[in-house]
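Read through the structure below, which is laid out as structure tokens, and then see the notes.
In what follows, chains carry the letters A, B, and so on, assigned in the order in which the sequence lines appear, proteins first and then strands, with residues in each chain numbered from 1.
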There are 2 protein chains.
Amino acid sequence: MTEIERRTTRQRRAVHDILQRTDGFASAQELHQRLRDVGDKVGLATVYRTLAAMADDGEVDVLRGEDGELRYRRCASHGHHHHLVCRGCGRVEEMIGAAVETWAEEAASRHGFVDVLHTFEAFGTCPDCRERP
Amino acid sequence: MTEIERRTTRQRRAVHDILQRTDGFASAQELHQRLRDVGDKVGLATVYRTLAAMADDGEVDVLRGEDGELRYRRCASHGHHHHLVCRGCGRVEEMIGAAVETWAEEAASRHGFVDVLHTFEAFGTCPDCRERP
DNA sequence: CTCTCTGCAAAACATTTGCAGTCGG
DNA sequence: CCGACTGCAAATGTTTTGCAGAGAG
């Protein structure tokens, strides 16, 4: 799946563009719908394949929502960081904290684990959505 | 879904028991299979419904595997904690650290978010599995 | 008795895959 | 031209749901 030649196609560009115009995370389904709304006809399967490829190449961030759905986002800050996602509007705040990283690494090595990757996601209600539920 | 009366049935007990005899996390599918192996006939749907109810009542820990599958475990330590799961054998180590909690809460309130829940999962390779890949 | 629980089959969903046709380089 | 890319439909795999009957209290 990795290190394969990628061609530049209309649909590839379309997915890339829609991702560029989208703040926060969006699922493949949502992106497909959004493309459809804009008039770009791209097959759902292609959206999935393209996103998978982009994620593979590290061009997009991926996270799994509370419901298990995969969500993608244009990769802005390339460093390792985590997210605070609003349940209501999907707005995303970034959380950067060396503390967690250190803690995770320390705990991992204490148990002798290697190749450890971790995910941290926080879901809550943002100020705006709190006012009008 | 919450605060509903729960009845004590054979299948309820069966699920509870199998969970009790299982170390680490297991998916609903796995538990259902295990029940079948033991001779306890319980419908798959019932396993799902029961696990959901138990999770709802805080009787079991729930975590979503890397593949998005939900996995359940008998709730040992009732406090809030996180997991270090071995990709190879599924072995689970618990990680307790006030630091993360504090950090998460602090970050959440800094952004004005409320009702914030967070998940942290670490996946790696344990010492045993490292030796024989 | 009453109301929750169960089983089974069907449905709902997100995601993947097989294939024949398309098209970038 | 060649092989990667696409669309569509069909397949997967997990989780949910509808409904009639069973059983706990």
Side-chain angles (χ1 to χ4, degrees), chain A residues 1-19 25-57 59-73 85 90 121, chain B residues 1-19 25-57 59-73 90 119 121:
Chain A
M1 285 291 174
T2 321
E3 297 174 36
I4 303 177
E5 174 197 344
R6 310 282 189 205
R7 290 186 177 168
T8 308
T9 65
R10 176 179 65 76
Q11 20 286 85
R12 221 84 132 178
R13 225 165 354 235
V15 171
H16 187 272
D17 285 2
I18 212 71
L19 221 32
F25 287 86
S27 67
Q29 302 278 350
E30 286 167 355
L31 290 171
H32 175 245
Q33 183 55 56
R34 199 162 306 194
L35 281 172
R36 167 154 307 210
D37 292 343
V38 183
D40 272 316
K41 274 183 74 325
V42 181
L44 177 59
T46 300
V47 174
Y48 273 103
R49 281 189 280 231
T50 302
L51 287 172
M54 294 176 78
D56 214 46
D57 294 349
E59 291 175 42
V60 291
D61 281 344
V62 192
L63 80 74
R64 202 179 285 276
E66 276 186 312
D67 57 355
E69 212 185 34
L70 283 176
R71 314 190 85 82
Y72 303 83
R73 186 183 71 153
V85 186
E121 307 299 341
Chain B
M1 284 294 174
T2 322
E3 296 173 36
I4 303 177
E5 174 197 345
R6 311 281 189 205
R7 291 185 176 167
T8 308
T9 65
R10 177 181 63 76
Q11 20 286 85
R12 220 82 134 179
R13 228 170 347 241
V15 172
H16 187 271
D17 285 2
I18 213 72
L19 222 31
F25 288 85
S27 67
Q29 302 277 350
E30 286 168 355
L31 290 170
H32 174 246
Q33 183 55 55
R34 200 162 307 193
L35 281 172
R36 167 154 308 210
D37 292 344
V38 182
D40 272 316
K41 273 184 75 329
V42 181
L44 178 57
T46 301
V47 174
Y48 273 103
R49 281 187 279 230
T50 303
L51 287 171
M54 293 177 77
D56 214 46
D57 295 348
E59 291 176 44
V60 292
D61 281 344
V62 192
L63 80 74
R64 201 178 287 274
E66 280 185 309
D67 59 353
E69 208 185 37
L70 282 176
R71 314 191 84 82
Y72 303 83
R73 186 183 71 154
T119 64
E121 306 301 341

B:Arg7 side chain, from C-beta outward: closest of C:dC8, C:dC3, D:dT6: C:dC3
Side-chain N or O of B:Arg49 closer than 4.0 Å to phosphate OP1/OP2 of D:dG18: no
B:Lys41, nearest nucleotide to its side chain (from C:dT17, C:dC8, C:dT6): C:dC8
Salt bridge (charged side-chain N to carboxylate O under 4.0 Å, His left out), paired with A:Glu30, selected from A:Arg36, A:Arg73, A:Arg71: A:Arg71
Gap between atoms CD and C1', on B:Gln11 and C:dG7 respectively (whole Å): 9 Å
Any A:Arg71 side-chain N or O less than 4.0 Å from OP1/OP2 of C:dT15: no
Distance, rounded to the nearest Å, where A:Arg12 contributes CZ and C:dG25 contributes P: 10 Å
Presence of A:Tyr48 side-chain N/O under 4.0 Å of C:dT15 phosphate oxygens OP1/OP2: yes
Backbone N/O of B:Glu66 and side chain of A:Arg64: donor-acceptor pair under 3.5 Å: yes
Nucleotide D:dG13, atom P - distance to CG of B:Leu44 in whole Å: 14 Å
Gap between atoms CZ and C1', on B:Arg36 and C:dC8 respectively (whole Å): 12 Å
Under 3.5 Å donor-acceptor, B:Asp57 side chain and B:Glu59 backbone: no
Selection from D:dT14, C:dT15, D:dC8 that lies nearest to any side-chain heavy atom of A:Gln29: C:dT15
A:Arg10 side chain to A:Lys41 backbone, donor-acceptor under 3.5 Å: yes
Distance in angstrom units between B:Met54 CE and C:dT4 P, rounded: 20 Å
B:Thr8, nearest nucleotide to its side chain (from D:dG25, D:dT15, C:dT15): D:dG25
Length of the CG-P vector between A:Leu51 and C:dA14, whole Å: 14 Å
Sugar-phosphate only, base, or nothing, as touched by A:Arg64 at under 4.0 Å among non-hydrogen atoms: nothing
Presence of A:Arg6 side-chain N/O under 4.0 Å of D:dC5 phosphate oxygens OP1/OP2: no
Residue mapping more 5' on DNA chain D - nearest nucleotide basis, B:Ala52 or A:Val42: A:Val42
Length of the line joining B:Glu69:CD and D:dT16:P, which is rounded to integer Å: 12 Å
Separation of atom CZ in A:Arg13 from atom P in D:dT6, rounded to whole Å: 11 Å
Phosphate contact (D:dT6 OP1 or OP2) by A:Thr9 side-chain N/O below 4.0 Å: yes
CZ-CD1 distance between A:Arg34 and A:Ile18, expressed to the nearest 0.5 angstrom: 6.5 Å
